[in-house]
Q: 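Quick one: the structure is below, questions incoming.
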Amino acid sequence: MTGRKFQRGKASIEFSEGPRIIGRASVAGKKEGEGPLAEYFDVIEWDPMVGCDNWEAAESALQKKAADLAIEKAGLVRNEVRYLFAGDLLGQLIATSFGTVDLEIPVFGLYGACSTIGEALCLGAMTVEAGYADYVMSMASSHFASAEKQFRFPLEYGNQRPLSTTWTITGCGSFIVGKQGGNVRICGITPGKIVDMGLKDSMNMGACMAPAACDTICRNLEDFGRKPEDYDKIITGDLGEVGQKILLDFMRSHGYEIEDRHMDCGIEIFDKESQDTHSGGSGCGCSAIVLAAYILPKLESGEWNRVLFLPTGALLSSTSFNEGQSVPGIAHGVVLERC
Amino acid sequence: MDENEKIKGIPLPSENMQPEEYEKYVKKVTPVHNMPLNMLKAFLTGGVICTIGQFFMNTFTNNGLEKDAASAWTLLVLIGSTVVLTGLNIFPKIVTFGGAGALVPITGFANSVVAPAIEYKKEGQVFGIGCKIFTIAGPVILYGIFASWIAGVIYYFLDMAGVYWG
């Protein structure tokens, strides 16, 4: 029954010490490297193929790079990392399988659509806190071209994108979670449930995911007995401009005003006017590289003290879409605190 | 923003909304392209493509080609240049600007066949290009042929009934 003391409310966990994020790496693609956050990324990969033969292998190469860099920055070697929690957007997680095979670290392959890094951090933190590992790695990647190919059209096919669409980012974010070191800890988590409002528009994923983000934020506030003001920032993954608007409205219907502290990684990563990305960035890599490159440094420096990080995912496949299914959303909450 | 929405009378969304209600709300808050502007761009783009086509048509007929042969050569030129422009990643940019203006002429069809051919080349000649080259154009081909078959059947019966076709 000792475990009960960590449980908060209906779905959250509050860690007593809180595992630390002791290494972080962000590898970004060309378009991201031309965007507003360019100066923060560890590595900008200018070659979309990353020296490989195809898009899928390129995404795997991003993962390998990010993984090795995070291990190096944490001052570890590969075999000190006990488990790896990683995922991507491709069918059967091929980017992860082929990208991490050389690491020789026992791996849990995760799929949470674009919320994968949230899922990976939740599970990583639980594993470390429980003492099942000294160090684990959480990682997620996406690649614009491999995602377009799988979910939409071949790259060279000409079409006009609606203004509500988001642009899948090319990049990989990787994190080492450990018991000691660093000054940012994961003090709590609120894994999210799937929320389906019946919307079927895969070109408006922000609207599909916003209700899930609202659900997880409200759950988090309720479980921890907090108010939005207890967080310096509430940061969603890839709602984009349309999703942000809807999330703020949803939060208002629950009596919360979070406009002053809400931030969306997808909105931050691109300049929509000059980069023609419409609603914002998306993809597993989006929240992962923004967390590694932008959010964690702000916590480390003390500019922010506590944030709720909330990667969002739209759970669809081209098959489910063609068969007329709706696009359910999910959001996993991770509370990050400076210590 | 909030005030604006209150003025426009958009109610706040909630989890209990029916799918139709939520869809309606989403539609209200989602921005859309400027339709008249897009139509103007499509008109210009389509017009330019057709003018180029007419230019080749005239050149071919002026140089002694029969009308049928000239129009076949014109199509070849338009298709050929689309294929090259797609390979150079220029054609998608033209579509981003001109939309249907670039897609409705034969150029759009050419692009929809070449794009998968380029993309799926990595998956091999048979299972890549062979199986997937018509992923986008396939429906057009299938239902185009089907529609002309139906038209043929109608023609056949009307012809038998003695309807005069001019």
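Keep in mind that what you see is a predicted model, and the values were worked out from it rather than measured.
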Q: Can you find a side-chain donor-acceptor pair between T82(B) and T107(B) that sits under 3.5 Å?
A: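 The answer is no; no qualifying pair exists.
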
Q: Quick check: are there more than 12 heavy atoms from other residues, nucleotides or ligands sitting under 6.0 Å from CE of M39(B)?
A: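 No, because the 6.0 Å sphere around CE of M39(B) holds 12 heavy atoms or fewer from other groups.
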
Q: Are any of the side-chain nitrogens in E34(A) or K31(A) under 4.0 Å away from the carboxylate oxygens of its partner?
A: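 Not counted as a salt bridge, because no side-chain N and carboxylate O are separated by less than 4.0 Å.
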
Q: May I have the step-by-step check of salt bridge (Lys or Arg N to Asp or Glu O under 4.0 Å) for R219(A) and E222(A), ending in yes or no?
A: CA-CA 5 Å; R219(A) 167 73 29 232; E222(A) 199 178 302; 3.6 Å; yes

Q: Supply the atom-to-atom distance E119(B) CD to I133(B) CD1, rounded to the nearest 0.5 angstrom.
A: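 Separation between the atoms: 13.0 Å.
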
Q: Where on N159(A) is there a heavy atom nearer than 4.5 Å to chain B: the side chain, the backbone, both, or neither?
A: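 N159(A) touches chain B through backbone heavy atoms alone.
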
Q: What are the residues of residues 146-157 of chain A, in order of number, with any heavy atom under 4.5 angstrom from a heavy atom of chain B?
A: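 Within residues 146-157 of chain A, near chain B: K149(A), F153(A), P154(A), L155(A), E156(A), Y157(A).
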
Q: What part of D196(A) gets within 4.5 angstrom of chain B, counting heavy atoms only: side chain, backbone, both, or neither?
A: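 Neither part, no heavy atoms under 4.5 Å.
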
Q: As an exercise: rank N54(A), V195(A), I246(A) by heavy-atom pairs under 4.5 Å with chain B and give me the winner.
A: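 Ranked by heavy-atom pairs under 4.5 Å with chain B, first place is I246(A).
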
Q: Using the rule given for salt bridge (Lys or Arg N to Asp or Glu O under 4.0 Å), can you reason through E45(A) versus K30(A), listing the C-alpha separation, both sets of side-chain angles and the distance that settles it, and then say yes or no?
A: CA-CA 6 Å; E45(A) 190 53 69; K30(A) 177 172 177 285; over 6 Å; no

Q: R161(A), K200(A), H254(A), E56(A): which one forms the most heavy-atom pairs within less than 4.5 Å of chain B?
A: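 Going by pairs under 4.5 Å, I would pick H254(A).
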
Q: If the threshold is 4.0 Å, N to carboxylate O, is there a salt bridge linking D215(A) and K193(A)?
A: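 The answer is yes: the pair qualifies as a salt bridge.
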
Q: Check whether more than 12 heavy atoms from other residues, nucleotides or ligands sit under 6.0 Å from atom CG of D260(A), and answer yes or no.
A: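 Counting neighbours around CG of D260(A), more than 12 heavy atoms of other residues, nucleotides or ligands fall under 6.0 Å, so yes.
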
Q: Side chain, backbone, both or neither: which part of E123(B) has a heavy atom under 4.5 Å from chain A?
A: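 Only the side chain of E123(B) comes within 4.5 Å of chain A.
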
Q: What part of F97(B) gets closer than 4.5 Å to chain A, counting heavy atoms only: side chain, backbone, both or neither?
A: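 Contact with chain A involves the backbone of F97(B) alone.
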
Q: Measure the spacing between CZ of F157(B) and CG of D159(B) and express it to the nearest 0.5 Å.
A: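 Answer for the CZ-CG pair, F157(B) versus D159(B), is 11.5 Å.
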
